[in-house]
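Residues take their numbers from the sequence shown, with the count starting at 1.
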Amino acid sequence: MEMPSSLMVRNGTYYVHVRVPTSIVASVGKRFITKSLRTKDPKAARRKLHDEISEINRVFDRHRVQTSRQKKPTIRPVLSFAEIARQHARAISDKEFADRAGLFEATYAEPSRLWAGDLIPLPDSRFFDHLVAEGDLDKIVGYIVRTRAKDRIATLRRMLATGNLSELTATADERSPGIDPDRRLVLARLLARAEIDALEAIISGEPDAGIETAPVVAGAAVERSGSRSGAPSPAEPNNGSGPRLSLVLADWIAEKERTNAWVEKTRHEREAAVKAFTEVCGDHPVGTYAKADAKRFKDVLFKIPPNAHKKAAYKGLGLVAIGEKAEAEGAPMPTAKNVTLKMDAVSSLFIWAKKNFDEVQANPFQGIKPQIGTTPREERDPFSLDELKLIFAAPPFTGAKSERHWLQPGSEVLDSSGKYWIPLIAAYSGARLMEIVQLRRKDIQTIGDVTFFDIRSDDENRVKTRAANRRIPVHPVLVKAGLLAFTARVKKPNERLFPDIEIGSAKNRSGPASKLFIRLIRAAGVKTRKNCFHSFRHSFEDACRDAEIDTAIMNALQGHVERGMAGRYGSGFKLERLDAAVAKIRYGLVFEIDVERS
């Protein structure tokens with residue numbers, strides 16, 4: 001029997017040898033964990049291996065929590081990023097006018113100091129020489145201060161283009177003490193744009209505009225018409241106002257963080273979509289966007305091939321350039337659903353902005369999103385009964401070569417591995433992949449005669465929505481297959497049941513497991529474009545219908561929101577009723593034979 005990859009031998013003694021995840025190498029202080037199992041007997045080593053890997057994974061989890069806490073700001077700013085940026089713009093405006101007043105006063109008191117360059121550096125231009133020849137001191141000083149403001153704007157734009165924002169990161173530290181390093185750079189960029197707005201407003205003769213309302217000035221129109229695509233710019237909306245969209249995005253994210261409304265994956269997806277929108281349509285005052293901008297964004301999205309950011313052919317290109325290149329090459333287009341998801345993310349920001357900013361009168365995405373020609377049920381196929389039989393006839397369930405070579409036929413049934421249990425639990429519970437992968441010993445509980453999966457969000461585990469917090473009775477098939485005996489061997493309440501199945505980063509926790517089980521579906525010969533691990537959930541739903549289970553109970557088992565007034569009252573169905581419903585689920589698989597005889 002082949003030795004698992006996490007087991008090694010030195011001088012006849014067996015050791016557990018595990019790679020440390022890259023994200024916590026710095027915290028752990030080494031790249032591998034190697035620990036003696038204190039035995040030379042291969043069977044004893046295999047028995048000890050599971051417990052040791054579980055303990056190592058608990059150590060990894062503690063380091064992940066510690067690393068996550070270190071990344072969080074030790075002192076949260078009292079003000080939102082948008083308000084900090086507005087205060088910075090106000091300070092810049094006040095300083096500019098104070099400097100201007102001081103310059104005028106000093107110039108009229110001692111004109112010779114101005115010509116000597118003692119008060120301010122003099123511009124080197126023919127127009128300035130012309131003003132000097134005319135001798136109008138007001139025009140001369142006015143031109144000098146405008147030139148200085150324009151030079152500062154140019155410097156700020158270079159900072160944004162090159163990413164050299166050290167001056168403004170220092171300002172960010174002053175205005176938001178203890179800010180997280182990753183967020184410091186975000187705030188620095190917002191401060192740079194706020195300063196540009198304030199100076200442009202002063203130059204245009206509207207000194208307060210950059211502080212409170214920031215209307216579109218001439219520079220903004222130029223910025224829109226100068227898009228990388230070379231396509232006609234969207235129609236300019238009427239003179240709206242409000243802070244730039246990037247500031248509104250920062251406010252939106254800050255509010256969601258305060259209310260714990262998003263998991264990190266959701267925050268990342270929403271933020272990425274809005275940044276993509278600003279890349280295509282520009283970072284303008286939030287009240288100035290029109291339907292033409294939303295349509296422009298939709299048109300570009302429909303040209304971006306799936307996973308374009310991972311392909312070498314598009315490396316270093318912006319979204320518009322990627323779309324143009326892909327269109328010219330006839331690359332595959334994204335689905336309407338994927339385009340809609342990105343547009344929904346930006347639309348939700350405008351819905352929030354409309355509630356929070358007087359300047360936003362309408363959501364430019366309303367009525368613009370593409371119409372999807374399929375229902376959610378049609379977008380993903382369930383596994384048919386024949387496909388389920390092929391999946392559960394694969395090596396992990398009938399005999400594999402080894403845990404490492406788990407898809408090759410052999411004599412080892414992997415009933416001590418998540419590769420065996422996770423698909424089975426999915427088929428007979430309807431739970432989502434990540435809900436199963438993250439299960440701990442304490443998440444399988446018994447009340448009265450009902451044993452159930454207690455699926456809920458806490459400090460360690462995550463669920464998709466609030467409705468996903470639920471109890472799912474353990475199907476008799478899982479009990480007969482030995483699930484409870486397997487979990488009984490897990491000693492500590494907080495220990496994961498399936499430490500051999502990796503949990504990804506906060507941005508994509510289910511990614512590693514999803515890729516792993518796609519291999520199982522492919523090996524079984526049932527993979528199609530419209531199925532994946534989530535198809536187990538659709539199969540469970542079909543099995544509920546076949547068993548004539550009430551729709552409300554089916555929703556409760558799957559963690560769907562109960563619609564109407566019924567969803568507002570009561571505490572849900574009793575465990576006994578849910579248990580009776582789950583026990584009706586049948587697929588005709590070999591696992592069900594012993595249950596039907598009992």
Minimum heavy-atom distance between [X] and [Y], given as atom pair plus value:
X	Y	result
Leu575	Pro473	O-CG, 4.2 Å
Ile503	Pro512	C-CG, 4.4 Å
Arg462	Asp458	NH1-O, 2.8 Å
Ser348	Trp252	OG-CH2, 3.3 Å
Gln558	Gly430	NE2-O, 4.3 Å
Phe573	Ala556	CD1-CB, 3.9 Å

Taking salt bridge (Lys or Arg N to Asp or Glu O under 4.0 Å) as the cut-off, I'd like each qualifying pair that reaches into [range], sequence neighbours left out, listed once.
range	value
residues 6-31	none
residues 517-528	none
residues 307-323	none

Measuring from atom [atom1] of [X] to atom [atom2] of [Y], what distance do you get when rounded to the nearest 0.5 angstrom?
X	Y	atom1	atom2	answer
Thr34	His17	OG1	NE2	4.5 Å
Ile425	Leu497	CD1	CG	7.0 Å
Ile436	Ser429	CD1	OG	4.5 Å
Leu578	Ile472	CG	CD1	9.5 Å
Asp386	Ile391	CG	CD1	11.0 Å
Phe277	Leu301	CZ	CG	10.0 Å

Restricting to ring-ring contact (aromatic ring centres under 6.0 Å, His included), what partner residues turn up for [X], sequence neighbours left out?
X	answer
Phe540	none
His268	none
Phe397	Phe392, Tyr420
Phe533	Phe517, Phe536

Between [X] and [Y], does any side-chain N to carboxylate O distance fall below 4.0 Å?
X	Y	value
Glu271	Arg267	yes
Glu435	Arg470	yes
Asp454	Arg456	yes
Arg537	Glu541	no

Using the side-chain contact (heavy atoms from CB on, under 4.5 Å) rule, take Asp542 and Arg545 through it: C-alpha gap first, then chi angles, then the decisive distance, then the call. CA-CA 5 Å; Asp542 282 353; Arg545 293 191 185 94; 3.0 Å; yes
Got a donor-acceptor contact below 3.5 angstrom from the [X] side chain to the [Y] backbone?
X	Y	answer
Trp406	Pro395	no
Asp381	Ser535	no
Ser27	Ile24	no
Thr39	Ala44	no
His475	Ile585	yes
Thr169	Ser166	yes
Ser402	His405	yes
Tyr587	Ala427	yes
Glu279	Leu319	yes
Thr398	Ala394	yes

Say whether Arg509 and Gln438, considering side chains only, have a donor N or O and an acceptor N or O under 3.5 Å apart. yes
Flag the pair [X] / [Y] as yes when at least one side-chain heavy-atom distance between them is below 4.5 Å, and no otherwise.
X	Y	answer
Leu520	Pro423	yes
Phe452	Ile447	yes
Val474	Tyr428	no

Partners meeting side-chain hydrogen bond (donor to acceptor under 3.5 Å, both in side chains) with [X] (sequence neighbours left out):
X	answer
Asn508	none
Thr487	none
Thr528	Asn531
Glu167	Arg152

Assess whether atom CG of Asp449 is packed by more than 12 heavy atoms of other residues, nucleotides or ligands within 6.0 Å.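 No, the 6.0 Å shell around CG holds no more than 12 heavy atoms from other groups.
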After noting the C-alpha distance and the side-chain angles of Leu165 and Arg189, does the key distance pass the side-chain contact (heavy atoms from CB on, under 4.5 Å) rule? CA-CA 8 Å; Leu165 294 163; Arg189 286 195 289 266; 3.5 Å; yes
Are the ring centres of His309 and Tyr314 closer than 6.0 Å? no
Output, in order, the C-alpha distance, side-chain angles, deciding distance and verdict of salt bridge (charged side-chain N to carboxylate O under 4.0 Å, His left out) for Glu460 and Arg440. CA-CA 10 Å; Glu460 297 174 352; Arg440 300 156 300 194; 2.9 Å; yes
Can you give the donor-acceptor pairs under 3.5 Å from side chains of residues 488-495 to other protein atoms, not counting sequence neighbours?
from, atom 1, to, atom 2, distance (Å)
Arg489, NH2, Ser416, OG, 3.2
Asn494, OD1, Lys442, NZ, 2.8
Glu495, OE1, Arg58, NH1, 2.8
Glu495, OE2, Ser54, OG, 2.8

Check against salt bridge (charged side-chain N to carboxylate O under 4.0 Å, His left out), Lys401 and Glu412: CA-CA 6 Å; Lys401 183 177 179 181; Glu412 185 174 351; over 6 Å; no
Mind running side-chain contact (heavy atoms from CB on, under 4.5 Å) on Ile501 and Leu516 for me, showing each step along the way? CA-CA 9 Å; Ile501 308 300; Leu516 181 74; 3.6 Å; yes
List the steps and the verdict of side-chain contact (heavy atoms from CB on, under 4.5 Å) for Val18 and Phe60. CA-CA 11 Å; Val18 179; Phe60 288 167; 4.0 Å; yes
